[in-house]
J.: 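Please read through the structure below; I'll follow up with questions.
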Amino acid sequence: MNALQTLIEQAERDFAQAADSASLENAKARYLGKSGLITAEMKALAALAADEKRVRGAEINAAKQAIERALQQRRDGIEQAELQAQLQAQAIDVTLPGRVADQGGLHPLTRSWMRMEQIFRSMGFDVTDGPEIEDDWTNFTALNSPQDHPARSMQDTFYVDARDPNGQSLLLRTHTSPMQVRYARAHVQRHADAATMPPIKVIAPGRTYRVDSDATHSPMFHQFEGLWIDRDVSMADLKGTFTLFLKAFFERDDILVRFRPSYFPFTEPSAEIDMMFESGPLKGRWLELAGSGQVHPTVIRNFGLDPEQFIGFAFGSGLDRITMLRYGISDLRLFYENDLRFLQQFA
Ligand code: DAH
């Protein structure tokens, strides 16, 4: 084997041993550098005769090219390896479980609330809301409960330690019924001409407050008030409307509805609305759902309307109550404890 061949093999081994580009460049210098072994062979050519020079020169050139090829190959190899190492170092482990955002869910009361609104909207009712801190006149007086009327003691009221600009007591509303007054008065104001006034047809859901607390009473609870006033709205419309609502809300037809005579200052006649499922775990039990009645002439007058011309019904029902019935919940307080084990069942 000639010396050049040995040189090539030696270079190949050297290059192969270079672990990175810096040591490869050092190895290169040993063969192709200014004082490298191939360079030395070239310089030695000068001493040869012209004929020998040509032959030997071609051999050296071939060897040089072979070494350069080996060098380039190793360069490519190292570059690949370095790239690979870099990729590995920066690698993202796609098999790691991601950071999952916990999924929220709607509170069962919110679900009921939205469902109830949607059903009444489908029957042409507007939806309104109003202040939870109410004045004495709107919560009681306008609804036909005079100062010393027993109805005021029927509801244990949270009074606010302040008065409104007119010196009236302020309180946490004890029912959503004051929204009848607020909505009707605004409606009447918007439609100054009673002859062309469109009907008042609205529900007002919201929070209500009473000094009361046990498994079926919370000091804060939810009601939805209904009010429909026109020239010819009757108790039959009340029965039809509320029955239709219940069947849509509970998604079943085997529901009996009963109107039990009762007393409220703001209605005459007044009725308590009860419901009975004809099957299922609650079968055969009358369940109290709402107070209702034909709106009292005094209240119609307080709306700003003539009770000789306008008539209609109102009802006030417990949103918590119908939610408990829909989901089979026995303790109202569960709604307000924010225990995830409870809430997650509805998500
Ligand atoms: N506001 C009454 C209550 O909270 C319920 C009620 C009864 C509302 C009769 C009405 C009604 O609109 O007409 O006990």
Side-chain angles (χ1 to χ4, degrees), residues 116 120 125-132 134 136-146 149-158 171-185 187 200-212 216-230 233-242 245-246 257-275 287-303 305 307 310-322 332:
M116 177 275 295
F120 277 106
F125 282 76
D126 191 11
V127 177
T128 191
D129 62 6
E132 290 170 30
E134 192 50 279
D136 186 83
W137 186 81
T138 317
N139 193 82
F140 290 122
T141 313
L143 292 163
N144 197 31
S145 314
H149 199 282
R152 289 199 190 196
S153 58
M154 272 164 55
Q155 303 176 346
D156 280 352
T157 308
F158 287 111
L171 46 93
L172 298 186
R173 65 179 179 191
T174 55
H175 49 180
T176 42
S177 304
M179 283 313 298
Q180 291 185 30
V181 181
R182 287 185 177 273
Y183 185 88
R185 287 170 72 87
H187 184 92
I200 294 169
K201 199 175 175 188
V202 67
I203 54 153
R207 280 185 280 271
T208 47
Y209 303 83
R210 284 180 208 173
V211 184
D212 213 352
T216 51
H217 297 92
S218 151
M220 189 278 291
F221 57 107
H222 298 81
Q223 287 191 337
F224 55 103
E225 193 78 12
L227 177 67
W228 187 356
I229 303 288
D230 203 350
V233 178
S234 72
M235 290 293 276
D237 294 308
L238 165 62
K239 187 162 191 177
T241 301
F242 209 82
F245 161 71
L246 290 177
V257 180
R258 143 178 115 174
F259 284 67
R260 191 160 35 85
S262 184
Y263 170 78
F264 298 100
F266 27 93
T267 41
E268 182 57 41
S270 304
E272 212 83 51
I273 309 178
D274 301 338
M275 174 193 88
L287 309 160
E288 211 177 293
L289 290 188
S292 68
Q294 181 173 298
V295 179
H296 194 286
T298 300
V299 178
I300 299 270
R301 220 171 279 120
N302 287 334
F303 290 166
L305 292 171
F310 290 93
I311 190 164
F313 68 74
F315 62 80
S317 185
L319 189 70
D320 312 75
R321 192 75 211 283
I322 62 168
L332 172 71

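Here the structure is a predicted model, which is why all the values come from computation and not from measurement. Below, each value reflects all heavy atoms present in this structure, side chains not excepted, and no hydrogens, waters or symmetry copies. Counting starts at 1 for both ligands and their atoms, in listed order.
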J.: Quick one: which ligand 1 atoms are inside 4.0 Å of a heavy atom on Thr267?
T.: 13 (O)
J.: Run the side-chain contact (heavy atoms from CB on, under 4.5 Å) test on His296 and Thr267 for me, step by step, so that the C-alpha distance in whole Å, both residues' side-chain angles and the decisive distance to 0.1 Å come before the verdict.
T.: CA-CA 4 Å; His296 194 286; Thr267 41; 5.7 Å; no
J.: Gln223 heavy atoms, cut-off 4.0 Å: which ligand 1 atoms fall inside?
T.: 3 (C), 4 (O)
J.: Taking only heavy atoms of Gly293 into account, list the atoms of ligand 1 that are under 4.0 Å away from them.
T.: 13 (O)
J.: In Å, rounded to the nearest 0.5 Å, how long is the span from CD1 of Ile311 to CD1 of Ile229?
T.: 8.5 Å
J.: Applying side-chain contact (heavy atoms from CB on, under 4.5 Å), run through Ile273 and Phe259 and close with a yes or a no.
T.: CA-CA 5 Å; Ile273 309 178; Phe259 284 67; 3.7 Å; yes
J.: Dump the intermediate steps for side-chain contact (heavy atoms from CB on, under 4.5 Å) on Gln180 and Phe303, then the final yes or no.
T.: CA-CA 8 Å; Gln180 291 185 30; Phe303 290 166; 3.8 Å; yes
J.: Below 4.0 angstrom from a heavy atom of Gln180, which ligand 1 atoms are there? Numbered from 1 as shown, please.
T.: 12 (O)
J.: Going by the salt bridge (Lys or Arg N to Asp or Glu O under 4.0 Å) test, name the single residue among Arg173, Arg207, Arg182 that passes it with Glu134.
T.: Arg182
J.: Have a look at Phe245 and tell me which of Phe224, Phe315, Phe125 forms a ring-ring contact (aromatic ring centres under 6.0 Å, His included) with it.
T.: Phe224
J.: Give the numbers and elements of all ligand 1 atoms closer than 4.0 Å to a heavy atom of Ser177.
T.: 1 (N), 8 (C)
J.: So between Gly316, Ser317, Gly318, whose heavy atom ends up nearest atom 5 (C) of ligand 1?
T.: Gly316
J.: For the aromatic rings, using the six-membered ring if either is Trp, is the centroid distance between His175 and Phe266 under 6.0 Å?
T.: yes
J.: With heavy-atom distances below 4.0 Å as the criterion, list the atoms of ligand 1 near Phe264.
T.: 7 (C), 9 (C)
J.: Please classify the Phe313 to ligand 1 contact at 4.0 Å (heavy-atom distances, strictly less than): side chain, backbone, both or neither.
T.: neither
J.: Using a strict 4.0 Å cut-off to heavy atoms of Glu225, name the atoms of ligand 1 that fall inside it.
T.: 8 (C), 10 (C), 12 (O)
J.: Using a heavy-atom cut-off of under 4.0 Å, does the side chain or the backbone of Gln294 touch ligand 1, or both, or neither?
T.: neither
J.: Under a heavy-atom criterion of less than 4.0 Å, does Arg210 contact ligand 1?
T.: yes
J.: As an exercise, state the distance from CD1 of Ile200 to CZ of Phe310, rounded to the nearest 0.5 Å.
T.: 7.5 Å
